[in-house]
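Input: a single structure, listed below in structure tokens.
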Amino acid sequence: MLIGLLLAAGCAMAQGGGPSDPRATRETVNLCRHLLQLEKKGFLFGHQDDLAYGVNWRYKEGGSDVKEVTGDYPGLYGWELGGLEKDDTNNIDGVPFKKMKQFIREGYERGGVITISWHANNPQTGGNAWDTTQGTVSSILPGGDKHALYEGWLDKLADFLLSLKGNKGEYIPVLFRPYHELTGNWFWWCRNNCSPGQFKAMWQFMVHYLRDVKKVHNVLYVYNTADFSTAGQYLERYPGDSLADVLSFDAYQYGDPQKSDGFVKNTGFHLSVLDSLGAVKHKITALAETGYEQVPYADWWTETLLKAIGGHPVAYVLVWRNHGYNTTMKHMHYYAPYKGQVSEQDFIKFYRLDKTFFEKDAAKEGMYR
Ligand code: BMA
């Protein structure tokens with residue numbers, strides 16, 4: 001039995017396509033393989049904070065704007081850990097961590113997939129994730145004066161990840177997307193705040209600490225950039241194939257897609273770079289965050305987003321959260337339609353396509369089997 005398992009694992013490694021963690025749990029290995037397979041047929045549709053709140057509701061049993069429109073939940077759920085490092089009860093967007101864990105379990109048990117981001121505070125200054133004080137990354141590296149503090153944050157992260165268990169006691173696999181949009185200039189881990197070497201060292205330490213010290217083996221690591229212009233630039237801060245499982249980027253629609261095809265063209269270009277890198281490295285590819293705030297163009301789903309994705313083999317596409325009216329921003333902040341929203345009908349069309357996998361399709365696929 002053991003020899004059989006070892007041979008199977010060896011075989012997966014030889015063919016490529018297995019997770020970067022040689023000790024990944026069975027469900028994590030299966031999820032990794034399935035996502036790679038899925039890319040040939042279509043992609044999971046994801047939504048941030050889907051089960052917690054929507055444009056016109058908050059914490060309602062069974063609530064989901066996506067489900068209200070399509071009759072089905074998204075195939076992928078995005079959750080956010082900002083605030084966990086401070087032992088806050090709620091995350092930075094007001095989601096209680098206790099509830100988040102329940103939502104994660106519910107989505108997983110129905111067959112959905114989980115991805116997690118982390119807008120962690122600036123460990124050097126105590127400011128928020130958008131505090132770009134120079135020197136922060138070097139301060140948390142081994143030997144840095146905030147290293148011990150940061151290790152404590154990783155302890156909390158590990159506790160969270162290891163607390164996610166399914167009905168049979170198995171760990172729930174998570175697509176973890178730390179240090180996201182790393183080619184931007186707006187977070188403390190971004191390109192303008194550290195050298196490629198420092199970024200890689202930070203990533204290497206995190207994975208080593210979670211895997212080897214904390215024994216976290218239910219994670220697929222998502223490498224995630226903002227804009228980039230060449231494959232070389234995309235990979236400049238890539239930590240290595242043994243430390244990442246998904247190649248992804250974030251891209252949003254701004255302006256009117258009927259006047260400019262910039263989003264379709266740029267996203268298509270970025271995806272073509274990921275296609276070739278993914279094929280060579282046997283890595284999953286994804287559009288990890290996207291959307292058009294308030295979706296004011298009625299046909300955005302099939303006429304813009306779908307065209308941007310084109311024939312590119314992406315495993316998932318996630319749109320950001322349906323906050324509703326945002327008092328800080330002083331406008332409506334949402335990315336998925338709700339009942340009565342102008343793009344509702346087009347979203348239903350998008351839902352019905354063979355290549356979009358919402359939760360019922362994901363469950364049929366059996367992402368963890
Ligand atoms: C941003 C906005 C913010 C939010 C942050 C982290 O895009 O949605 O309101 O706090 O993401 O989720």
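When a ligand or atom number is given, it counts from 1 through the structure's own listing order.
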Discussion item. Could you tell me if D50 and Y53 have a donor-acceptor pair between their side chains, going purely by distance under 3.5 Å?
Written reply: no

Worksheet item: Is there at least one pair of N or O atoms, one from E80 and one from ligand 1, spaced under 3.5 Å apart?
Response: no

Discussion item. Any nitrogen or oxygen of D93 lying under 3.5 Å from a nitrogen or oxygen in ligand 1? Just yes or no.
Written reply: yes

Worksheet item: ligand 1 versus T328, non-hydrogen atoms closer than 4.0 Å: side chain, backbone, both, neither?
Response: neither

Worksheet item: What is the nearest protein non-hydrogen atom to atom 5 (C) of ligand 1, stated with its residue, atom name and distance?
Response: W130 CH2, 4.0 Å

Worksheet item: In terms of side-chain heavy atoms, does E80 have a donor or acceptor partner in W118 at a distance below 3.5 Å?
Response: no

Worksheet entry | OG1 on T28 to OH on Y368, rounded to 0.5 Å | 9.0 Å

Discussion item. Minimum distance, heavy atoms only, to atom 7 (O) of ligand 1: which one of Y335, W118, W320, Y334 is it?
Written reply: W320

Item to complete: Report yes or no: does a heavy atom of Q48 sit under 4.0 Å from some atom of ligand 1?
Response: no

Worksheet item: Who passes salt bridge (charged side-chain N to carboxylate O under 4.0 Å, His left out) against D159, sequence neighbours left out?
Response: none

Worksheet item: How does M329 reach ligand 1, if at all, at less than 4.0 Å between non-hydrogen atoms: by side chain, backbone, both, or neither?
Response: side chain

Discussion item. Need the ligand 1 atom indices (1-based, order shown) with element for anything under 4.0 Å from a heavy-atom of I92.
Written reply: 6 (C)

Worksheet item: What about F249 and L243, same hydrophobic cluster or not, with Ile/Leu/Val/Met/Phe/Trp/Tyr joined at side-chain heavy-atom distances under 4.5 Å?
Response: yes

Response to the item:
atom 9 (O) of ligand 1 sits nearest the protein heavy atom R321 NH2, 2.8 Å

Worksheet item: Going by distance only, is there an N or O of H333 that falls short of 3.5 Å from an N or O of ligand 1?
Response: yes

Discussion item. Is the distance from the ring center of F350 to that of F45 below 6.0 Å?
Written reply: yes

Item to complete: Assess the side chains of E170 and Y108: does a donor N or O sit below 3.5 Å from an acceptor N or O?
Response: yes

Practice prompt. Using only heavy-atom distances, determine whether the side chains of D72 and Y351 contain a donor-acceptor pair under 3.5 Å.
Written response: yes

Fill in: Numbered atoms and elements of ligand 1 in range of H119, under 4.0 angstrom, heavy atoms
6 (C)

